[in-house]
Amino acid sequence: MSSIIHGAGAATALSTFNPVDSKKLVSPSRTNLSVRSQRYIVAGSDASKKKKSFGSGLRVGHSQKLIANAAVATKEADTSASTGHELLLFEALQEGLEEEMDRDANVCVMGEDVGHYGGSYKVTKGLADKFGDLRVLDTPICENAFTGMGIGAAMTGLRPVIEGMNMGFLLLAFNQISNNCGMLHYTSGGQFTIPVVIRGPGGVGRQLGAEHSQRLESYFQSIPGIQMVACSTPYNAKGLMKAAIRSENPVILFEHVLLYNLKEKIPDEEYICNLEEAEMVRPGEHITILTYSRMRYHVMQAAKTLVNKGYDPEVIDIRSLKPFDLHTIGNSVKKTHRVLIVEECMRTGGIGASLTAAINENFHDYLDAPVVCLSSQDVPTPYAGTLEEWTVVQPAQIVTAVEQLCQ
Amino acid sequence: MALSRLSSRSNTFLKPAITALHSPIRRHVSTDTSPITIETAVPFTSHLCESPSRSVETSSEEILAFFRDMARMRRMEIAADSLYKAKLIRGFCHLYDGQEALAVGMEAAITKKDAIITSYRDHCTFIGRGGKLVDAFSELMGRKTGCSHGKGGSMHFYKKDASFYGGHGIVGAQIPLGCGLAFAQKYNKDEAVTFTMYGDGAANQGQLFEALNIAALWDLPAILVCENNHYGMGTATWRSAKSPAYFKRGDYVPGLKVDGMDALAVKQACKFAKEHALKNGPIILEMDTYRYHGHSMSDPGSTYRTRDEISGVRQVRDPIERVRKLLLSHDIATEKELKDMEKEIRKEVDDAVAQAKESPVPDSSELFTNMYVKDCGVESFGADRKDLKVTLP
């Protein structure tokens, strides 16, 4: 299984391939996620709980000591199995959010059912009890209005974290996100900053239907003035959440419906991930595989098969969807000369399409083969399980593509 | 003692009854702050609340300031008209002449801590908030010295230090933003209010009702001001709204209908609304006003209304004429003094235009500034977002 190497440095090739960690990482197989889907349906039972109930690994106000070079320190945290605490990805998001709310009184959360209900994916569980109704706001169902409200509040200096219950619902707020969130800093000549974080789960889930399986990163990527990041592990989820809240720019944080129950051990010390940097998941020599979010796990599954067949793929989780970390990607392309992009967006106009263009423009001389992009099919996601499986990229297709590229 | 307002139809001046404190010597009165009480011509109509009193407390100084500010705004809009026809202003240019009483009346009732956010018809609101004429003209002509450094244009005037949040091109999108400003004021316990302005056209937007619901639910100090100039671009209100009583459309939110051509009535209503919002949450003010120009400079403004209607309003309800008659009838200034004042203002505006014409256009490097804070987003920052680690290609 995959090992997560917590390197944030662009140029360093991290070589620890620690098999111990691989057991901790739960792959998103069907059996595990049936738990998630049950929670999704039966979540009503949680609403009755009034007392604070945090996840297993949550430390409230645990050591807040900031390590001087936290980005480097995480490598050490990875190799030592004794420190750190284990938690699920949604708990990591909650931890990051809570730490930032403790740190800065201007941070507030708004969204549907984030307060008393605890969040439909439990990311904001317990926060309303701790911080009160004014800092964790249950909004009515009006994405356009509450996104606009968050942006208006941000113009005065507040730092709202706006949750879309599903990223697809944010299509209703597209005007606010594009025109006000993205452009106000520019059209006001720099007078206003919009330090909002817009976050929520997206991507193809387990038979959620077409409207609840959308990949908004492809629609938002053209908006000038915003930054987009996608988290994929508990470690980078917490780190990116914290970085996004601290950033003065509007950041859209894409989570994935199927990744909320990933378990991992993360450091006890405070740390932040860089918003604009990609993550080296597995260094290699033969081919660069660029991916993000859930597809990372499909890629790592394919990587196992590829290693058995004698290939040595370099897997990079690009994490930063806007802007692309062309520094890390470029270094990798210069080493391997072949690129495969595996994404969940649709073929037309997705992140992969833009990334293909960017790599071709910037690193054309270093490529020995055309850039291949594996994306989801250009169809609304069907409900039937078999059809849904065929819309997204599966590990077998990744293996085939690598074999073809590496001939 | 209440002095009756002139009926604007008649040209006879009633000899005003002078209050005990009021000095009869004209030369001093331009700075006289002793109170005068004036009755508004049109009563307020209210929904779910009490109307404010029709007697407005004001002073000679204030009325004179109204005149001066409104004349300045009128001149600015007319100058913008000429500049547009001379192709120095391009794109969209939405003029506010006819509606000046709104901007000045509102300013008289509030402080710079209270926030104002409005739509694309924002030139005069910007000036009312303390913006300079030369900044406005520079921005309109796309120069570097404009209030948004030439990058916003006519629809994107902002003035952060005066709590003026713009300047928005999409109809109705500023309403949720305005409720967000009110939310921040409540969050920070500012004891200030936000005036969210929109037009009769935007009053049919869903986001208005969404934002109103939230504002009423959370008791936000938001005052929604509907500038009803009776035309949403080319569509009259009776053709676009089933219920053109915009002050009542808040349903559970109180509303007030105000004569928007009367600066004193506007002042009274805004004062009342501010007190209400700080205690009881949102309130809607419908300002009955009129614009002389078309929707924008591309719209002649006469295909959907008659020229007689426009000139009729200009004769009977013009806000500047109203104030002029007040000043004359109360012996606050003479005809000649007012004419001189207008000449001065005309010169002031012309000077500002000339100065703006001389200003430089932005450098090409400005294309990429202010995209992101710390610019351009192709830089990778270290932990805590402070040190620059690398610049991505």
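Remember, predicted model here, so these are calculated numbers, not experimental data. Order of the sequence lines sets the chain letters (A, B, ...), proteins ahead of strands, with each chain counted from 1.
- When the candidates A/Ile151, A/Asn175, A/Thr193 are compared by the number of heavy-atom contacts under 4.5 Å with chain B, A/Asn175 comes out ahead.
- Judged as a ring pair (Phe, Tyr, Trp, His ring centres under 6.0 Å), and not counting sequence neighbours, the contacts of B/His295 are B/His94, B/Tyr120.
- Contact tally against chain B (heavy-atom pairs below 4.5 Å) for A/Gly239, A/Pro224, A/Gly190, A/Ser188: the top residue is A/Ser188.
- Between chain B and the options A/Gly150, A/Cys108, A/Pro250, A/Pro160, the largest number of non-hydrogen pairs under 4.5 Å is found for A/Cys108.
- Distance alone, capped at 3.5 Å, places no donor-acceptor pair between the B/Asn370 side chain and the A/His185 backbone.
- Using a distance-only test at 3.5 Å, with no hydrogens or angles considered, no donor-acceptor pair links the side chain of B/Gln207 to the main chain of A/Asn144.
- With chain B as partner, the option from A/Met155, A/Met110, A/Met183 having the largest number of non-hydrogen pairs under 4.5 angstrom is A/Met155.
- Taking 4.5 Å as the heavy-atom cut-off, the residues of residues 137-151 of chain B that approach chain A are B/Cys147, B/Ser148, B/His149, B/Lys151, ordered by number.
- A/Gln191 touches chain B through backbone and side chain together, each having a heavy atom under 4.5 Å away.
- At least one donor-acceptor pair under 3.5 Å links the side chain of B/Glu210 to the backbone N or O of A/Ala145.
- Highest contact tally toward chain B, considering only A/Ile329, A/Leu158, A/Ile194, is held by A/Leu158 [criterion: heavy-atom pairs under 4.5 Å].
- Contacts between B/Leu208 and chain A at a heavy-atom distance below 4.5 Å are absent for every atom of the residue.
- Residues of residues 152-159 of chain B lying within less than 4.5 angstrom of chain A, judged on heavy atoms, are B/Gly152, B/His156, B/Tyr158, B/Lys159 in numerical order.
- Only the side chain of B/Ile170 comes within contact range of chain A, with heavy atoms under 4.5 Å apart.
- Contact tally against chain B (heavy-atom pairs below 4.5 Å) for A/Ala358, A/Pro195, A/Gly148: the top residue is A/Gly148.
- Neither the backbone nor the side chain of A/Ala154 comes within contact range of chain B; no heavy atom of the residue lies under 4.5 Å from a heavy atom of that chain.
- Within a 6.0 Å radius of CZ in A/Phe174, other residues, nucleotides and ligands contribute more than 12 heavy atoms.
- Residues B/Trp218 and A/Asp133 fail the side-chain proximity criterion, which asks for heavy atoms closer than 4.5 Å.
- Considering only residues two or more places apart in sequence or on other chains, A/Glu112 meets the salt bridge (Lys or Arg N to Asp or Glu O under 4.0 Å) condition with none of them.
- In this structure, no portion of B/Leu212 lies under 4.5 Å from any heavy atom of chain A.
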